[in-house]
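As the structure lists them, so they are numbered: ligands from 1, and atoms in each ligand from 1.
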Amino acid sequence: MTRDAQGTILVAPHHFPNLDREHALAEEFGYTLNPAADVEAFREGLPEADIVMITPYAKLTAADFPVMSKCKAVIRYGIGYDNIDVDAATAAEIPVSIVPGTASEEVASHAFAMGLALARRLPAGGASIQNLGWAGTIGYDTPVLSELEVGVLGMGRIGQHVARMYQAVGARVRAYDPFVTESFVDLTTLDDILENSDVVSLHLPLTADTADLISKDVLAGMRKGAVVVNVSRGGLIEESALAEALTSGHIAGAGIDTFAEEPLGAEHPLRSAPNTILTPHIAWRSNRSTGALQEGAVERVRLALTGQPLIDLVN
Ligand SMILES: O=C(O)CC[C@@H](O)C(=O)O
């Protein structure tokens with residue numbers, strides 16, 4: 001005889017290889033696991049969900065919370081609250097928890113790899129060969145790494161990692177972070193970083209203050225030949241303006257792992273912009289981070305189901 005389910009754990013569309021950990025937890029607590037096949041199924045599952053496990057591939061807006069009357073907690077796989085209206089969740093008395101720290105090294109490595117590849121003009125060189133051409137003028141005016149001026153925006157866990165990686169190759173690293181007053185690198189203003197860096201590496205959360213930070217005007221004010229790397233959140237950059245700046249050559253390259261809308265639309269202008277390295281939100285992945293992220297999320301569900309607080313959890 002099967003026992004009646006105690007409740008439902010709803011999982012947003014995801015790219016994990018499997019949900020074995022989530023299934024095991026649901027079984028242990030006598031819950032039903034409902035992995036939503038797409039955003040519509042996710043939305044339809046909200047009224048019945050006791051726990052919502054959300055990825056970057058779904059959103060929870062103010063309009064969603066009124067129907068989530070059974071929900072005890074929202075658990076975000078990864079970091080950032082940008083796809084969740086936290087004020088609406090708070091008003092609905094639903095706690096929201098993220099899973100920080102499971103992929104800092106991975107994300108930093110990805111940003112560093114993109115920055116170095118672009119500083120050395122690798123995508124342009126590769127495209128030239130693929131188009132049956134040869135070197136032309138590619139790379140003749142690039143700074144050597146020991147003279148590279150790198151600006152890191154955001155000195156959290158990941159930004160610090162990135163800064164240390166660039167320091168290791170002798171680059172001059174400066175940083176901007178409105179919440180940091182002391183650092184192992186020189187801190188300076190946002191404008192200074194944007195105007196005087198060969199590589200600008202973004203490691204900021206997406207908030208009302210940072211949305212479209214790298215706007216058309218900001219791009220126009222950046223050093224000619226600069227490179228932009230964004231592995232944090234797509235909404236930080238005005239993407240169509242970046243595509244134009246790449247096409248005009250004012251910006252010499254862009255490494256982008258996160259986009260305002262994911263998956264990236266087929267007609268998105270960045271897809272055809274030159275000198276880019278575009279990756280599909282995989283900076284965080286490695287042979288250990290996927291499991292660690294799922295483990296961290298499942299642990300938070302366990303806390304929620306056993307009535308324990310979700311705040312102040314640090315991996
Ligand atoms: O793709 C995911 O599900 C997790 C991504 C996550 O690490 C993040 O970007 O915060």
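A salt bridge links E149 and R172; the closest N-O separation between the charged side-chain nitrogens and carboxylate oxygens is under 4.0 Å. A salt bridge links E299 with R302: at least one charged nitrogen is closer than 4.0 Å to a carboxylate oxygen.
Remark: R164 is positioned above the aromatic ring of F184, its terminal NZ or CZ atom under 6.0 angstrom from the ring centre and at most 45 degrees off the axis.
Here Y77 and F16 bring their ring centres to under 6.0 angstrom of each other.
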Would you mind listing each N/O atom of ligand 1 next to any protein N/O under 3.5 Å, plus the distance?
| residue | atom | partner | partner atom | Å |
| --- | --- | --- | --- | --- |
| ligand 1 | 1 (O) | W284 | NE1 | 3.4 |
| ligand 1 | 9 (O) | R233 | NH1 | 3.1 |
| ligand 1 | 9 (O) | R233 | NH2 | 3.3 |
| ligand 1 | 9 (O) | H281 | NE2 | 2.7 |
| ligand 1 | 10 (O) | I79 | N | 3.0 |
| ligand 1 | 10 (O) | I79 | O | 3.2 |
| ligand 1 | 10 (O) | R233 | NH2 | 2.9 |

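Within a 6.0 Å radius of NZ in K216, no more than 12 heavy atoms belonging to other residues, nucleotides or ligands are found. Around atom CD of E261, no more than 12 heavy atoms belonging to other residues, nucleotides or ligands sit under 6.0 Å away.
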